[in-house]
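Start at 1 with the first residue, then count along the sequence.
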Amino acid sequence: MNLAQFAKTTAGGIMRALIVENQAELGGLWQRHMQRLGVDADLVLSEADALAALEAADYNVMVLDLVLEKGAALALSDYASYRHPSVKVIFVTNTGFFSDGSIFNHCANACAFVPTGTPPDDLAAMVEHYGTG
């Protein structure tokens with residue numbers, strides 16, 4: 001996050017999060033918890049929709065399902081890093097992929113790697129934490 005973005009976010013500006021999750025109900029649950037913290041959270045269900053969102057808006061944080069049914073999460077993370085170098089990515093998964101922590105070697109913008117079953121309040125708090133600096 002550059003200094004201008006940080007100043008806007010911390011001086012009453014709105015933090016933005018992009019949620020990329022296959023399951024609309026789960027993504028909606030996360031979205032509502034983030035909104036309660038004042039985060040402007042957008043939910044998309046596919047890589048194509050995420051690419052369109054990243055072209056249309058700036059985000060502080062992206063919550064990204066590692067195993068997308070429609071698309072490739074690692075490619076999306078790379079694109080987000082290119083398009084918005086300061087965006088932080090919180091990967092969520094219900095699989096054992098990258099359970100050794102190697103996701104941080106593959107994705108420079110990865111800031112967290114959590115199970116899909118992480119309590120929504122905890123995930124929202126992580127978004128708030130990583131989105132402010």
Side-chain angles (χ1 to χ4, degrees):
M1 179 179 304
N2 66 37
L3 186 57
Q5 289 172 317
F6 181 75
K8 180 179 178 190
T9 301
T10 57
I14 298 194
M15 183 188 315
R16 303 224 41 216
L18 177 61
I19 304 165
V20 187
E21 169 54 47
N22 298 313
Q23 301 175 47
E25 290 138 10
L26 179 60
L29 177 66
W30 294 341
Q31 183 181 35
R32 288 187 298 278
H33 280 266
M34 289 176 207
Q35 289 170 337
R36 286 184 197 131
L37 293 178
V39 176
D40 182 9
D42 295 331
L43 171 63
V44 297
L45 306 176
S46 70
E47 178 186 18
D49 291 341
L51 290 171
L54 288 167
E55 288 185 17
D58 291 329
Y59 294 95
N60 304 90
V61 179
M62 180 167 56
V63 176
L64 178 57
D65 187 334
L66 184 59
V67 184
L68 293 176
E69 291 175 9
K70 297 179 183 176
L74 295 179
L76 184 56
S77 173
D78 284 345
Y79 179 79
S81 179
Y82 168 75
R83 180 89 174 147
H84 305 281
S86 63
V87 71
K88 302 291 186 194
V89 178
I90 298 173
F91 284 97
V92 294
T93 188
N94 61 359
T95 70
F97 292 142
F98 299 112
S99 61
D100 61 354
S102 62
I103 191 78
F104 299 101
N105 295 329
H106 297 289
C107 299
N109 53 352
C111 64
F113 182 75
V114 298
T116 304
T118 298
D121 284 337
D122 292 349
L123 185 59
M126 292 174 71
V127 166
E128 184 180 45
H129 170 75
Y130 287 113
T132 57

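How far NE2 of His33 is from CG of Leu123: 9.5 Å, rounded to the nearest 0.5 Å. With rounding to the nearest 0.5 Å, the separation of CE in Met34 from CG in Leu29 is 9.5 Å. The line from CG of Leu64 to NZ of Lys88 is 15.0 Å long, rounded to the nearest 0.5 Å. Between the CG atom of Leu18 and the CD atom of Gln31 there is a distance of 10.0 Å, given to the nearest 0.5 Å. Atom CZ in Phe91 sits 5.5 Å away from atom CG in Leu74 (nearest 0.5 Å). Once rounded to the nearest 0.5 Å, the distance linking NE2 of His129 with CG of Leu37 reads 13.5 Å.
Of the possible donor and acceptor atoms, none in the side chain of Ser77 sits under 3.5 Å from a partner among the backbone N and O of Ala73. Side chain of Asn94 to backbone of Gly117: no donor-acceptor contact under 3.5 angstrom is found. Between the side chain of Thr116 and the main chain of Thr93, a donor-acceptor pair closer than 3.5 Å is present.
Proximity of Leu54 to His84: side-chain heavy atoms (C-beta onward) are separated by under 4.5 Å at one or more points. Leu43 has its side chain out of reach of Trp30: every pair of non-hydrogen atoms, C-beta onward, lies at least 4.5 Å apart. Between Cys111 and Ile90, the closest side-chain pair of non-hydrogen atoms falls below 4.5 Å.
In terms of heavy atoms, Ser81 sits closest to Val87 at N-CG1, 4.5 Å. Taking every heavy atom of both residues into account, Met15 and Glu128 meet most closely at CE-O, 3.6 Å. Smallest separation of non-hydrogen atoms from Leu76 and Ala50: CD2-CB, 3.5 Å. Here the closest non-hydrogen pair linking Tyr59 and Ala53 is CE1-O, 3.5 Å.
Dense packing is recorded around CD of Glu55, with more than 12 heavy atoms of other residues, nucleotides or ligands lying under 6.0 Å away.
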Let me see the working for Met62 and Val20 under side chain to side chain contact (heavy atoms under 4.5 Å, CB included), right down to the final yes or no. CA-CA 7 Å; Met62 180 167 56; Val20 187; 3.9 Å; yes
Residues Gln23, Glu25; criterion side chain to side chain contact (heavy atoms under 4.5 Å, CB included); working and verdict: CA-CA 6 Å; Gln23 301 175 47; Glu25 290 138 10; 5.7 Å; no
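Within the structure, salt bridge (charged side-chain N to carboxylate O under 4.0 Å, His left out) pairs that include any residue of residues 38-54 comprise Arg16-Asp40, Arg16-Asp42 (at least two apart or interchain). Sorted by first and then second residue, the salt bridge (charged side-chain N to carboxylate O under 4.0 Å, His left out) pairs involving residues 61-78 (not counting sequence neighbours) form an empty list.
Of the options Val114, Val67, Ile19, a side-chain contact (heavy atoms from CB on, under 4.5 Å) to Val92 is made by Val114 and by none of the others.
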